[in-house]
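Pasting in a structure now, in structure tokens, and then I'll have a few things to ask.
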Amino acid sequence: MAEQLNFIRVRGAREHNLKDVSVDIPRGELVVLTGLSGSGKSSLAFDTIYAEGQRRYVESLSAYARQFLELMSKPDVDLIEGLSPAISIEQKTTSRNPRSTVGTVTEIHDYMRLLWARVGVPYSPATGLPIESQTISQMVDKITALPEGTRLYLLAPVVRDRKGEYKKEIAEWQKAGFQRLKIDGEFYPIEDAPALDKKFKHDIDVVVDRVVTKPDMEQRLADSIEQALRLADGLAVAEFANIEDGEKEPRRILFSERFACPVSGFTIAEIEPRLFSFNNPAGACPVCDGLGAKLAFDADLVIPDKDKSLHKGAVAPWAKGPSPLYTQTLQALARHYGFSMDEPWHKLPADARDVVLNGSKGTKIKFVYDDNARKYEVEKPFEGVLPNLERRWRETDSSWVREELGRYQSDTPCETCHGKRLKPEALAVKIDAKDIAEVSNLAIRRPATGSAPSKPS
């Protein structure tokens, strides 16, 4: 039995031009199939071994999951033993796409996304406990907790980032008595709803009710929320803007019958495979756009030679050019904080290095500038070398300036997703206490270990 596990045994393979071929292929080794053109190399590798491995994997999934995958017929072979789930990697030129991973190139990530969408359990980032359904009374309590007099819309998010024209649906909502829609961020009377391009994705909310918060309106809120939940498959939205606080953009509170944390209010609208794709806006981290990293100014590139002093040009981006502005700025900092411009950078106190790189954090400093035409003084906080470079990079329209400043940037992990590329909603869904990014980062030979969460209901 132990000997059988060390080999993939193929007996009587007759796919295409194979003539009753039997072969033992060692497992855990790099095996190359060679031979003349037409000798059956691809028929053995792809149409027999790979096809059977993929077929067995697909058959192990649930009937619901199998409907999304292409079913493969059983290859013409008498017996295959010792076979693991198989993948086929298409021969491609080297990809420089920063979004490509081993998982996406081999399409393993597609299976993982489907697995997390169907089996994963959502957990609350606040409590660490599985997210449970939210009751209508809890939704009402959250709305009544808003300041009295808050004007809000109760919306049913019936279409969320989906393509289509939705003519038939809009006609049905109008027939049901609804009078207003919010389409792609704009409100319309339902009879004036614009024609939608079916090639683009759209968001459509049905306005179920418009209310002003006041005492003794719990029953009306409950009825409206219940109606929104029925329309939008268990979702409802309360949208409002606090005019007194100067809010221009409306604030949206999402309610869910299925996935909502009663403590923090953390809500997941839906758990679908696209939620776990960093190539899809539905799942990609909104800060780094699903790249997991972003360009940021690197202190080690800004101060490349730690033995140089500030006078000798330790701050590389500020050492170039004839303008004395940057030198006078550093001199003012040295006077205020009592450090020397002639000391090597690595010998300066840590707080002095921090204030040069990251700024004075609100502390006002007296700067004296002399540009040979006039001399003037100004008292203001110092923004810091790194924020200064970031601001110049962000505000400039010059490609030359961007190229010059880009020499001091490097990839740094996104501070929001910490390099995992996905939204918090996707990372909150776990299997065996691990999110999809953690499992994707494991080595193939390393087993995923963790405490098993409770089974989804």
Side-chain angles (χ1 to χ4, degrees), residues 61-62 64-65 67-69 95 97-126 128 130-131 157-164 184-185 199-205 232-235 237 252-261 264-294 411-442 448 450 453 456:
L61 300 176
S62 66
Y64 182 85
Q67 68 178 315
F68 297 99
L69 303 173
S95 173
N97 186 344
R99 297 182 180 276
S100 294
T101 67
V102 174
T104 58
V105 170
T106 60
E107 299 180 1
I108 295 175
H109 195 66
D110 295 338
Y111 293 99
M112 293 181 64
R113 291 192 296 115
L114 182 62
L115 181 65
W116 256 257
R118 296 295 170 255
V119 182
V121 179
Y123 286 78
S124 167
I131 290 176
V158 288
V159 177
R160 302 183 298 279
D161 196 32
R162 299 286 188 183
K163 294 180 180 179
D184 296 336
K199 294 180 290 185
F200 295 96
K201 294 180 179 180
H202 303 286
D203 293 301
I204 303 177
D205 296 337
D233 193 24
L235 295 177
V237 171
R252 289 169 67 93
I253 302 176
L254 177 66
F255 300 110
S256 171
E257 277 188 319
R258 293 170 292 175
F259 308 117
C261 173
S264 64
F266 179 82
T267 305
I268 300 177
E270 60 179 356
I271 299 182
E272 294 294 332
R274 64 178 185 158
L275 178 66
F276 304 96
S277 173
F278 41 76
N279 291 318
N280 190 312
C285 170
V287 175
C288 64
D289 292 327
L291 294 174
K294 61 179 184 176
D411 281 338
T412 58
C414 172
E415 70 275 7
T416 301
C417 67
H418 305 291
K420 293 185 175 182
R421 301 183 169 203
L422 295 168
K423 286 181 176 179
E425 292 88 338
L427 298 175
V429 181
K430 301 182 179 182
I431 296 177
D432 197 22
K434 291 189 178 293
D435 59 55
I436 190 170
E438 290 179 283
V439 176
S440 297
N441 287 333
L442 291 174

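It should be emphasised that the depicted structure is a prediction, and the values quoted were computed from it without experimental measurement.
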Does any part of the side chain of Leu115, heavy atoms only, come nearer than 4.5 Å to the side chain of Ile431, both counted from C-beta? yes
Show your working on side-chain contact (heavy atoms from CB on, under 4.5 Å) between Arg252 and Asp205 and close with a plain yes or no. CA-CA 12 Å; Arg252 289 169 67 93; Asp205 296 337; 3.1 Å; yes
If I compare all heavy atoms of Ser440 with all of Met112, which pair ends up nearest, and what's the gap? OG-CE, 3.5 Å
Run the side-chain contact (heavy atoms from CB on, under 4.5 Å) check on Val429 and Phe276 step by step: do they pass? CA-CA 9 Å; Val429 181; Phe276 304 96; 3.8 Å; yes
Of all the heavy-atom pairs spanning Asp161 and Asp203, show the shortest one and how long it is.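 Looking at all heavy atoms of both residues, the shortest contact is N-OD1, 2.7 Å.
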Measure the CZ-NZ distance between Phe278 and Lys423 for me, rounded to the nearest 0.5 Å.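 Going from CZ on Phe278 over to NZ on Lys423, the span is 15.0 Å.
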Hey, could you give me the CH2/CD1 distance between Trp116 and Ile271, rounded to the nearest 0.5 Å?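 These two atoms lie 13.0 Å from each other.
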Compare all side-chain heavy atoms of Arg421 with those of Thr101 and state whether any distance is below 4.5 angstrom.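 Counting from C-beta outward, Arg421 and Thr101 do come under 4.5 Å.
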Within the side chain of Asp432, is there an N or O that forms a donor-acceptor pair under 3.5 Å with the backbone of Lys434? no
Within-4.5 Å side-chain heavy-atom neighbours: Ile436 and His109: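 A side-chain contact under 4.5 Å exists here.
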To the nearest 0.5 Å, tell me how far Leu254 CG sits from Arg160 CZ.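 Answer rounded to 0.5 Å: 8.5 Å.
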Rounded to the nearest 0.5 Å, what separation is found between the CD1 atom of Ile268 and the CD1 atom of Ile131?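 Reported to 0.5 Å precision, the distance equals 4.5 Å.
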Which atom pair, heavy atoms only, marks the closest approach of Cys285 to Cys414? SG-SG, 3.8 Å
For Cys288 versus Ala293, what's the shortest heavy-atom pair and its separation?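 Answer, listing the atom of Cys288 first, then Ala293: CB-O, 3.9 Å.
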Of all the heavy-atom pairs spanning Glu438 and Ala433, show the shortest one and how long it is. OE1-O, 4.1 Å
Out of curiosity, His202 NE2 to Arg162 CZ, how far, rounded to the nearest 0.5 Å?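 Rounded to the nearest 0.5 Å, the NE2-CZ separation comes to 13.0 Å.
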So which heavy atom on Ser277 is nearest to which on Leu422, and how close? C-CD2, 3.8 Å
Nearest 0.5 Å please: distance from the NZ atom of Lys294 over to the OG1 atom of Thr416. 6.5 Å
